[in-house]
Asker: 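My questions all concern the structure below.
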2 protein chains.
Amino acid sequence: MKLSKRGEYALRALIDLGIASELGWPMLQASELATKEKLPIKFLEQIFTQLKAAGYVKSRRGKFGGYSLARPMSQIKFGTVIRLIDGPLAPIRCVSQMAYVRCSCPDEVHCGLRMLMLDVRNAITKLLDRYTLADIVEITLRKLRRDKVTPPFLSRSTKLRSVLPPMVNRLGDGGLKFNSVGPTSGRRRK
Amino acid sequence: MKLSKRGEYALRALIDLGIASELGWPMLQASELATKEKLPIKFLEQIFTQLKAAGYVKSRRGKFGGYSLARPMSQIKFGTVIRLIDGPLAPIRCVSQMAYVRCSCPDEVHCGLRMLMLDVRNAITKLLDRYTLADIVEITLRKLRRDKVTPPFLSRSTKLRSVLPPMVNRLGDGGLKFNSVGPTSGRRRK
DNA sequence: TCTATTTCCTATTGATCTAGTAGGGATATG
DNA sequence: CATATCCCTACTAGATCAATAGGAAATAGA
Ligand code: FES
Ligand code: FES
């Protein structure tokens, strides 16, 4: 499951759309998003076309047009979007549920590689098929507020420019570990 | 993390080499493996060259030559092999530890997509960086014995042909769930 | 109506990757 | 010596990726 640029931009766009809408800006323009998030405009347009065809966003054109989410954020799962844009989530087709293809192994049942990859697939889908746009937007907003940062694509009329702290590659941080914001029922006690 | 054919064949070859060696056949020929496992011979040769260069297998040529594992199976981690052949495990480079590359996001720290993908990356590496060839070979052998099946590439002198049950796509089964064969210390009680 | 702004649509491109194929050279066995 | 095996380099057809290009259609305000 390698996320292509196309997929990355699509998800970033959706998340931004979600954040903006949550903050009272239900509609964003492609050019706006492209400049603030530093994506190639024309490419982004193509992606929006695809997202629209799949029913994730709707659009209005002409002056003051733009794109907005076409359905509730809690109904947009990441797994589904990624499958649409980048294809199956499974690392190998013989363990894909949505797009199974037999591989050349003479005996699938006793294939060690398949057992391992099945676990990998399950680990991936467990995350991507459970998290929705609503979850991610909520978590992101919380982080933004905690650090008192405004998202860059919301500086339209306001001159308040958000200072972006330089990124250091410390991977220990990050992740979704907010006191069990997880979408499932599993609510662990502190 | 999409496993290419090249990667698939490499891992299958290593697993087969492991199984064979565990059963007393320390050396397999490329042609042998190719026909029994239905892989293109010349392609497999290339892959073996790569595996040899990286120190996973050693070879002997001439008549009765072949390939064998170059080091203990417990020291061959799947993650490392896959990284060698297919590149980084992370779905997106900004969450890769081994091959970090900044992405165009204006603010990595508050990027919702990055948080999600970091979790995906961790889920993947948790499996692939912990399981070794020894683990998979052990599990596979156990399954083979349980079902009284001989691996197809071990029918050299013996005329005993292994009957291969046809595969039905039932993904509920499979996986590595043997009574906690896991490589980590976590040994859960039944 | 005219103009500016926006989305929408189709085509094209250069670069890279994939999954091999082809042909022969080096080396070991008997 | 013949034969079997690994080793090495080159090549390719096709797909995919990440855009870029150019303009048509719709919308809003003057
Ligand atoms: S069954 Fe798909 S890799 Fe073996
Ligand atoms: S930081 Fe890499 S996707 Fe946002």
Side-chain angles (χ1 to χ4, degrees), chain A residues 1-13 17 26-35 37-54 56-68 70 82 84-88 91-93 101 103-104 156, chain B residues 1-13 17 25-35 37-54 56-70 82 84-88 91-93 101 103-104 156:
Chain A
M1 195 260 115
K2 167 78 164 43
L3 193 66
S4 66
K5 285 293 171 196
R6 193 183 198 88
E8 179 198 323
Y9 298 163
L11 295 181
R12 279 166 64 183
L17 233 38
M27 179 156 286
L28 289 183
Q29 293 159 9
S31 60
E32 196 176 5
L33 211 61
T35 54
E37 286 264 351
K38 291 191 285 190
L39 323 175
I41 309 182
K42 283 299 203 175
F43 193 23
L44 183 60
E45 279 184 2
Q46 283 183 27
I47 295 169
F48 267 128
T49 306
Q50 202 175 351
L51 287 177
K52 188 187 174 186
Y56 291 107
V57 303
K58 56 190 171 200
S59 64
R60 223 186 69 197
R61 52 185 177 179
K63 213 169 186 177
F64 303 114
Y67 294 93
S68 54
I82 295 179
L84 168 74
I85 292 187
D86 278 337
I92 193 172
R93 297 296 284 269
V101 169
C103 63
S104 69
R156 212 170 338 190
Chain B
M1 194 258 118
K2 166 80 164 43
L3 193 67
S4 66
K5 285 294 171 194
R6 194 185 196 86
E8 180 197 322
Y9 298 163
L11 296 182
R12 278 167 62 184
L17 233 39
W25 257 288
M27 177 155 289
L28 289 183
Q29 294 159 8
S31 60
E32 196 177 6
L33 211 62
T35 54
E37 285 264 352
K38 290 190 286 190
L39 322 176
I41 307 183
K42 283 298 205 176
F43 194 21
L44 182 60
E45 277 185 3
Q46 283 183 29
I47 295 170
F48 266 127
T49 307
Q50 201 175 352
L51 287 177
K52 187 187 175 184
Y56 291 108
V57 302
K58 58 190 172 200
S59 62
R60 224 187 67 197
R61 52 184 175 179
K63 210 166 187 177
F64 302 113
Y67 294 94
S68 55
L69 291 176
I82 295 179
L84 167 73
I85 292 189
D86 279 336
I92 194 173
R93 298 295 285 266
V101 169
C103 63
S104 70
R156 212 171 338 191

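Sequence lines set the chain letters: A, B, ... in the order given, protein chains first and strands last, and positions in each chain run from 1.
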Asker: Starting at the 5' end of nucleotides 25-30 of chain D, put B wherever the base has a protein heavy atom under 4.0 Å, S where only the sugar-phosphate does, and a dash everywhere else.
Answerer: BBBS--
Asker: C/dC8 phosphate, OP1 or OP2: any side-chain N/O from A/Ser59 under 4.0 angstrom?
Answerer: yes
Asker: Using side-chain contact (heavy atoms from CB on, under 4.5 Å) as the criterion, list what pairs up with A/Arg12, not counting sequence neighbours.
Answerer: A/Glu8, A/Tyr9, A/Glu37, A/Leu39, B/Ser104, B/Cys105, B/Pro106, B/Leu113
Asker: Whole-Å distance between C/dT6 C1' and A/Leu44 CG?
Answerer: 13 Å
Asker: For the CE atom of A/Met1 and the CD1 atom of B/Ile92, what is their distance to the nearest 0.5 Å?
Answerer: 8.5 Å
Asker: Could you check whether any side-chain heavy atom of B/Ile85 comes within less than 4.5 Å of a side-chain heavy atom of B/Leu51, counting everything from C-beta outward?
Answerer: yes
Asker: Work out which heavy atom in B/Phe48 is nearest to a heavy atom in B/Leu17; give both atom names and the distance.
Answerer: CE2-CD2, 4.1 Å
Asker: What closest approach, in Å, do A/Asp86 and A/Ser4 show between heavy atoms, and which atom pair accounts for it?
Answerer: OD1-OG, 2.5 Å
Asker: Residues in side-chain hydrogen bond (donor to acceptor under 3.5 Å, both in side chains) with B/Gln50, at least two apart?
Answerer: B/Arg6
Asker: Expressed as a whole number of angstroms, how long is the span from A/Met27:CE to C/dT7:C1'?
Answerer: 11 Å
Asker: What distance do A/Gln29 atom CD and A/Glu32 atom CD have between them, rounded to the nearest 0.5 Å?
Answerer: 5.0 Å
Asker: For the residue pair A/Tyr56 and A/Leu84, establish whether any side-chain heavy-atom pair is separated by less than 4.5 Å.
Answerer: yes
Asker: Using whole Å, report how far CD of A/Glu45 lies from P of C/dA11.
Answerer: 17 Å
Asker: To the nearest 0.5 Å, what is the distance between OG1 (B/Thr49) and CG (B/Leu44)?
Answerer: 9.0 Å
Asker: Toss me the dot-bracket line for DNA chain C: Watson-Crick and G-U wobble, both under 3.5 Å, 5' to 3', using | for pairs to another strand and [ ] for crossers.
Answerer: ||||||||||||||||||||||||||||||
Asker: Donor-acceptor pairs are to be reported for all side-chain atoms of residues 58-70 of chain B against protein atoms at under 3.5 Å, with residues two or more places apart or in another chain.
Answerer:
from: B/Ser59; atom 1: OG; to: B/Lys52; atom 2: NZ; distance (Å): 3.0
from: B/Arg60; atom 1: NH2; to: B/Phe64; atom 2: O; distance (Å): 3.4

Asker: D/dA18 C1' sits how many Å from A/Lys38 NZ, rounded?
Answerer: 18 Å
Asker: Could you tell me the separation between the CG atom of B/Leu28 and the P atom of D/dT5, rounded to a whole number of Å?
Answerer: 12 Å
Asker: Please produce a list of atom pairs where a protein N or O lies less than 3.5 Å from an N or O of nucleotides 14-22 of chain C.
Answerer:
from: C/dA19; atom 1: OP2; to: B/Lys5; atom 2: N; distance (Å): 3.2
from: C/dG20; atom 1: OP2; to: B/Tyr9; atom 2: OH; distance (Å): 3.1
from: C/dT21; atom 1: O4; to: B/Gln46; atom 2: NE2; distance (Å): 2.5

Asker: Any donor-acceptor pair under 3.5 Å between the side chain of B/Gln29 and the base of D/dC6?
Answerer: no
Asker: Hey, does B/Phe48 reach any base, or is it just sugar-phosphate, or nothing, if we go heavy atoms under 4.0 Å?
Answerer: nothing
